[in-house]
Amino acid sequence: MFETLRADSMELLGERNPATMDVTNDLAILVGSMGEPKIGRELLERLVPMRTAVLGAEHPNTLGDHALAIASYRELLELREGALSKNDVRTVDAVWQLEVQLRGLGNQEDADAVRARYVSPLLDATSGMLSYQQLDKAEGIRRTEREEARAAHTAA
């Protein structure tokens, strides 16, 4: 439904329209929380600079997107860690989204701390210590980071 709404909004209003950007933000949060953190991150990584350019860095919607998303992902992270564990792949998915939002606000210290607590132990563990799902998640993270590093290198 959000994808259809976003496509219609882009066609009728354009990608840089505030309403289209609101739908894109909602879609990014939704797909990220439904187990597609890479897609959510990609949408947000394109949206945040555009929203800042169109509305300005101090506009409430620009700041509000990050603040609302950070609060939502912190809550989701707390729930998943309590119900599942900090090592569960669904918890790590929430961490990825939280990390993107923290970095988007320039809060590198908190983003690094969240990553160190949840993602780094998964990446540093030996394969014999991880479940199949954890191994798959760790490989997915590594693959995504390699792709992002290649893209950054190519862009530079």
Side-chain angles (χ1 to χ4, degrees), residues 1-10 15 19-52 61-155:
M1 181 175 79
F2 275 104
E3 288 172 342
T4 301
L5 180 60
R6 180 173 180 257
D8 290 347
S9 185
M10 287 178 71
E15 183 179 39
T20 303
M21 290 188 282
D22 287 345
V23 172
T24 301
N25 185 72
D26 293 344
L27 176 62
I29 291 171
L30 178 65
V31 298
S33 68
M34 293 180 67
E36 295 291 341
K38 181 180 178 188
I39 295 170
R41 283 172 57 148
E42 289 170 354
L43 285 168
L44 289 172
E45 286 170 356
R46 285 194 310 266
L47 172 66
V48 171
M50 182 183 352
R51 183 169 265 180
T52 301
N61 284 357
T62 303
L63 295 173
D65 288 343
H66 288 297
L68 178 60
I70 286 170
S72 297
Y73 283 118
R74 284 195 192 279
E75 183 178 345
L76 179 61
L77 178 58
E78 184 178 316
L79 290 170
R80 286 187 177 173
E81 185 174 8
L84 304 167
S85 78
K86 79 173 201 159
N87 299 322
D88 189 278
V89 294
R90 292 165 289 184
T91 303
V92 175
D93 285 339
V95 168
W96 272 25
Q97 295 301 320
L98 176 58
E99 182 183 352
V100 167
Q101 292 299 320
L102 289 168
R103 290 194 196 287
L105 273 181
N107 195 339
Q108 303 303 322
E109 187 175 321
D110 280 354
D112 290 344
V114 166
R115 183 178 178 83
R117 177 177 163 96
Y118 297 92
V119 178
S120 295
L122 179 67
L123 297 177
D124 295 341
T126 60
S127 61
M129 298 172 59
L130 300 175
S131 69
Y132 173 74
Q133 287 179 322
Q134 289 170 319
L135 284 169
D136 190 48
K137 176 55 65 184
E139 181 52 33
I141 291 169
R142 287 184 187 103
R143 185 176 43 255
T144 299
E145 290 179 345
R146 282 191 303 268
E147 290 170 7
E148 289 172 352
R150 268 194 295 271
H153 179 70
T154 302

Worked verdict on Leu135 versus Gln133 for side chain to side chain contact (heavy atoms under 4.5 Å, CB included): CA-CA 5 Å; Leu135 284 169; Gln133 287 179 322; over 6 Å; no

If you take all heavy atoms of [X] and [Y], which pair is closest and at what distance?
{"X": "Leu122", "Y": "Ile141", "answer": "CD2-CD1, 4.0 Å"}
{"X": "Ala116", "Y": "Pro121", "answer": "O-CD, 3.2 Å"}
{"X": "Lys86", "Y": "Val92", "answer": "O-CG2, 4.2 Å"}

With a sphere of 6.0 Å drawn around CD of Glu3, does it hold more than 12 non-hydrogen atoms of other residues, nucleotides or ligands? no

Looking at Glu139, I want to see if its CD is surrounded by more than 12 non-hydrogen atoms of other residues, nucleotides or ligands under 6.0 Å. yes

Reported [atom1]-to-[atom2] distance for the pair [X] and [Y], which is rounded to 0.5 angstrom:
{"X": "Met50", "Y": "Thr24", "atom1": "CE", "atom2": "OG1", "answer": "6.5 Å"}
{"X": "Leu43", "Y": "Met21", "atom1": "CG", "atom2": "CE", "answer": "14.0 Å"}
{"X": "Asp136", "Y": "Leu130", "atom1": "CG", "atom2": "CG", "answer": "11.5 Å"}
{"X": "Lys137", "Y": "Ser131", "atom1": "NZ", "atom2": "OG", "answer": "11.5 Å"}
{"X": "Ile39", "Y": "Leu30", "atom1": "CD1", "atom2": "CG", "answer": "11.0 Å"}
{"X": "Asp110", "Y": "Glu99", "atom1": "CG", "atom2": "CD", "answer": "11.5 Å"}

Does Asn87 offer a backbone N or O that forms a donor-acceptor pair with the side chain of Gln134 under 3.5 Å? yes

Test your reading of the model: is there a side-chain donor-acceptor pair from Thr91 to the backbone of Ser85, 3.5 Å cut-off? yes

Do the side chains of Arg117 and Glu81 get close enough for a salt bridge, i.e. N-O under 4.0 angstrom? yes

Quick test of your reading of the model: are Arg6 and Asp26 salt-bridged, counting only N-O distances below 4.0 Å? no

Between Arg115 and Leu123, is there a side-chain heavy-atom distance shorter than 4.5 Å? yes

Below 4.5 Å, heavy atoms only, C-beta onward: do Asn107 and Glu109 meet side chain to side chain? yes

Consider side-chain contact (heavy atoms from CB on, under 4.5 Å). Of Glu147, His153, Glu148, which one does Arg150 pass it with? Glu147

